[in-house]
Amino acid sequence: MTLTAPRAPAVPRAVPPAPPGAARRAWRTVSPYAYLAPFFTLFVAFGLFPLLYTAFVSLYRVELQTPGDMEWRGLGNYTALLGDEYFWVSLRNTFTIGVLSTVPQLAMALGLAHLLNHRMRGRTFLRTAVLLPYATSVAAATLVFAQLFGRDFGLINYVLGLVGVDPVDWQNGTVASQIAVSTVVIWRWTGYNTLIYLAGMQSVPAELYEAAAMDGASRWRQFFHVTLPGLRPTILFTVIVSTIGATQLFGEPLLLEGSVSGGISHQYQTLGLYLYEQGWGFFHLGRAAAVAWVMFLLILVLVGLNALIVRRRSRKEAGR
């Protein structure tokens with residue numbers, strides 16, 4: 001009698017998964033484009049098409065009362081701008097107000113972010129509070145500042161009078177009115193840039209600060225040699241955004257006095273106000289479209305210069 005060992009139960013063989021069908025493969029290929037389609041659809045409808053149509057209108061003589069009657073002018077609208085004295089005034093005002101508002105704004109934002117990056121009591125509340133001016137309506141903020149900068153009963157002139165300074169005509173003086181407009185811009189956007197810088201500071205590795213402290217670097221040296229190099233991409237972003245915002249400045253100068261001309265002698269009329277005056281004040285839609293394209297090209301040039309300066313500086317530091 002022969003004894004045989006019981007057979008082990010047969011292990012079922014794994015069946016390889018079936019290859020995906022043609023419909024599934026097609027969906028995997030098309031799905032990224034399907035997810036991006038809503039954005040590009042809205043961009044083409046509300047971004048690219050208005051931009052191209054504005055370029056088309058800028059080549060014609062179009063009046064607001066009769067938008068259907070278009071007369072070909074070619075580059076006539078652009079040459080008319082170059083011969084308009086107030087265009088150059090608005091361009092100069094845009095540059096000066098942009099510098100007066102952007103440089104102090106970013107410097108103050110960088111300092112506030114450096115303070116908020118340290119441990120202190122009420123840090124969360126302070127981080128929230130610095131963003132409140134940005135959440136305030138531009139109309140409400142500008143109207144309040146217009147009262148503060150009033151010539152006869154403004155709080156600013158009252159404080160200046162306490163120290164023996166004569167009242168300043170903030171709305172009619174060239175430099176004074178531009179300082180008033182820049183103050184509103186600084187008040188509204190400093191907190192926004194502060195939080196951006198704060199987020200950038202928190203992304204800097206803590207090991208760099210520890211190594212700098214072990215080498216005996218003070219807080220100021222750590223700020224200049226660790227924080228600022230780590231914030232270079234963030235600073236470039238804020239400079240570009242602030243440059244675009246300064247070029248398109250409209251609400252603050254419009255509401256300071258309520259005039260699209262930017263004062264009696266156009267002393268604080270920006271390119272945005274000049275565009276509005278040409279299109280909806282003088283009814284020249286073709287010329288207004290030309291101004292819009294000049295602003296667009298100016299933004300491209302300024303952003304390109306900023307990027308070029310930063311790239312050259314990074315190459316010099318990398319070559320050391």
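Starting from 1, each residue takes its place in the sequence as its number.
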Trainee: According to a 4.5 Å side-chain heavy-atom criterion applied to Ile, Leu, Val, Met, Phe, Trp and Tyr, with indirect links allowed, do Val239 and Phe237 form part of one hydrophobic cluster?
Mentor: no
Trainee: Report yes or no: do Leu275 and Leu82 belong to one cluster of Ile/Leu/Val/Met/Phe/Trp/Tyr joined by side chain heavy-atom distances under 4.5 Å?
Mentor: yes
Trainee: Taking the side chain as every heavy atom from C-beta outward, state whether Leu51 and Thr54 have any atom pair closer than 4.5 Å.
Mentor: no
Trainee: Scan for ring pair (Phe, Tyr, Trp, His ring centres under 6.0 Å) pairs involving residues 101-144, sequence neighbours excluded, and state none if there are none.
Mentor: His114-His118, His114-Phe223, Tyr134-Trp189, Tyr134-Tyr192
Trainee: Evaluate side chain to side chain contact (heavy atoms under 4.5 Å, CB included) for Thr247 paired with Ile244, printing each intermediate quantity in order.
Mentor: CA-CA 5 Å; Thr247 307; Ile244 295 174; 5.9 Å; no
Trainee: Answer yes or no: is there a side-chain heavy-atom contact under 4.5 Å between Leu106 and Tyr197?
Mentor: yes
Trainee: Would you sort out whether Gln65 and Phe283 count as a side chain to side chain contact (heavy atoms under 4.5 Å, CB included), showing the intermediate values?
Mentor: CA-CA 7 Å; Gln65 303 92 331; Phe283 311 122; 3.1 Å; yes
Trainee: Can you list every pair that meets salt bridge (charged side-chain N to carboxylate O under 4.0 Å, His left out) and has a residue in residues 47-66, with sequence neighbours left out?
Mentor: Arg61-Glu63
Trainee: What is the ring orientation for Phe40 with Phe43, classed by angle as parallel under 30°, tilted 30 to 60°, or perpendicular over 60°?
Mentor: perpendicular
Trainee: Keeping to residues at least two apart or across chains, list the salt bridge (charged side-chain N to carboxylate O under 4.0 Å, His left out) pairs with something in residues 133-144.
Mentor: none
Trainee: Going by the salt bridge (charged side-chain N to carboxylate O under 4.0 Å, His left out) test, which pairs reach into residues 291-300, not counting sequence neighbours?
Mentor: none
Trainee: Might you point out which heavy atoms bring Ala212 and Gln222 nearest each other, and give the distance in Å?
Mentor: CB-CG, 3.9 Å
Trainee: Which ILVMFWY residues can you reach from Val138 by hopping between side chains whose heavy atoms are under 4.5 Å apart?
Mentor: none
Trainee: Please list all pairs meeting salt bridge (charged side-chain N to carboxylate O under 4.0 Å, His left out) that have one or both residues in residues 181-197, counting only residues at least two apart or in different chains.
Mentor: Arg188-Glu252
Trainee: Could you pull out all residues at least two apart from Glu277 that satisfy side-chain hydrogen bond (donor to acceptor under 3.5 Å, both in side chains)?
Mentor: Gln269
Trainee: Nearest 0.5 Å, please: how far is CD1 in Ile235 from CD1 in Ile196?
Mentor: 12.0 Å
Trainee: Is there a path from Tyr60 to Leu81 through hydrophobic residues (I, L, V, M, F, W, Y) whose side chains come within less than 4.5 Å of each other?
Mentor: yes
Trainee: Does Trp220 share a hydrophobic cluster with Leu231, counting links as ILVMFWY side-chain heavy atoms below 4.5 Å and allowing steps through other members?
Mentor: yes
Trainee: Ring centres of Tyr276 and Phe250 under 6.0 Å apart?
Mentor: yes
Trainee: Would you please name every residue forming a side-chain contact (heavy atoms from CB on, under 4.5 Å) with Leu59, sequence neighbours left out?
Mentor: Trp72, Leu75, Tyr78
Trainee: Should Asp152 and Tyr158 count as side-chain neighbours, where that means a heavy-atom distance under 4.5 Å?
Mentor: no
Trainee: Can you tell me how far CG of Asp69 sits from CD of Glu71, rounded to the nearest 0.5 angstrom?
Mentor: 10.0 Å
Trainee: May I ask you to decide if Gln267's main-chain N or O and Gln178's side chain share a donor-acceptor pair within less than 3.5 Å?
Mentor: yes
Trainee: Looking at CG of Asn193 and CG of Leu112, how far apart are the two atoms once the value is rounded to the nearest 0.5 Å?
Mentor: 10.5 Å
Trainee: Taking side-chain contact (heavy atoms from CB on, under 4.5 Å) as the definition, give me every residue that meets it alongside Ala246, ordered by chain and number, with sequence neighbours left out.
Mentor: Thr102
Trainee: Quick one, Met70 with Phe56, criterion side chain to side chain contact (heavy atoms under 4.5 Å, CB included). Give me CA distance, side-chain angles, the key distance, then yes/no.
Mentor: CA-CA 11 Å; Met70 305 178 67; Phe56 171 76; 3.6 Å; yes
Trainee: Run Thr183 and Phe149 through side chain to side chain contact (heavy atoms under 4.5 Å, CB included) and show every step you take.
Mentor: CA-CA 10 Å; Thr183 303; Phe149 284 103; 3.9 Å; yes
Trainee: Would you check if Glu257 and Tyr268 make a side-chain contact, meaning some heavy-atom pair closer than 4.5 Å?
Mentor: yes
Trainee: Checking Val204 now: which residues fulfil side-chain contact (heavy atoms from CB on, under 4.5 Å) with it, not counting sequence neighbours?
Mentor: Leu208, Tyr209, Val226
Trainee: State whether the number of non-hydrogen atoms from other residues, nucleotides or ligands found under 6.0 Å of Leu64 atom CG is greater than 12.
Mentor: yes
Trainee: Decide yes or no for Phe87 and Leu271: does some side-chain heavy atom of the first lie under 4.5 Å from some side-chain heavy atom of the second?
Mentor: yes
Trainee: Among residues at least two apart in sequence or on other chains, which ones pass side-chain contact (heavy atoms from CB on, under 4.5 Å) with Thr79?
Mentor: none
Trainee: Measure the CZ-OG1 distance between Phe95 and Thr270 for me, rounded to the nearest 0.5 Å.
Mentor: 15.0 Å
Trainee: Shortest non-hydrogen contact from Ser182 to Ile97?
Mentor: OG-O, 3.6 Å
Trainee: Do the side chains of Leu228 and Leu110 get nearer than 4.5 Å, heavy atoms only?
Mentor: yes
Trainee: Locate the shortest heavy-atom distance separating Asn157 from Gly150; write the atom from each residue and the value.
Mentor: ND2-O, 3.1 Å
Trainee: Which value, rounded to the nearest 0.5 Å, describes the distance between Ile240 atom CD1 and Leu236 atom CG?
Mentor: 4.0 Å
Trainee: Establish whether Val294 and Trp88 are linked, either directly or via other cluster members, by ILVMFWY side-chain heavy-atom contacts under 4.5 Å.
Mentor: yes
Trainee: Within the structure provided, determine whether Ile299 and Thr243 are in side-chain contact (heavy-atom separation under 4.5 Å).
Mentor: no
Trainee: May I ask you to test the His266-Ser261 pair for a side-chain heavy-atom distance under 4.5 Å?
Mentor: yes
Trainee: Can you give each donor-acceptor pair under 3.5 Å made by side-chain atoms of residues 126-133, sequence neighbours left out, with the distance rounded to 0.1 Å?
Mentor:
unit_1, atom_1, unit_2, atom_2, d
Arg127, NH2, Leu116, O, 3.1
Thr128, OG1, Thr124, O, 3.0

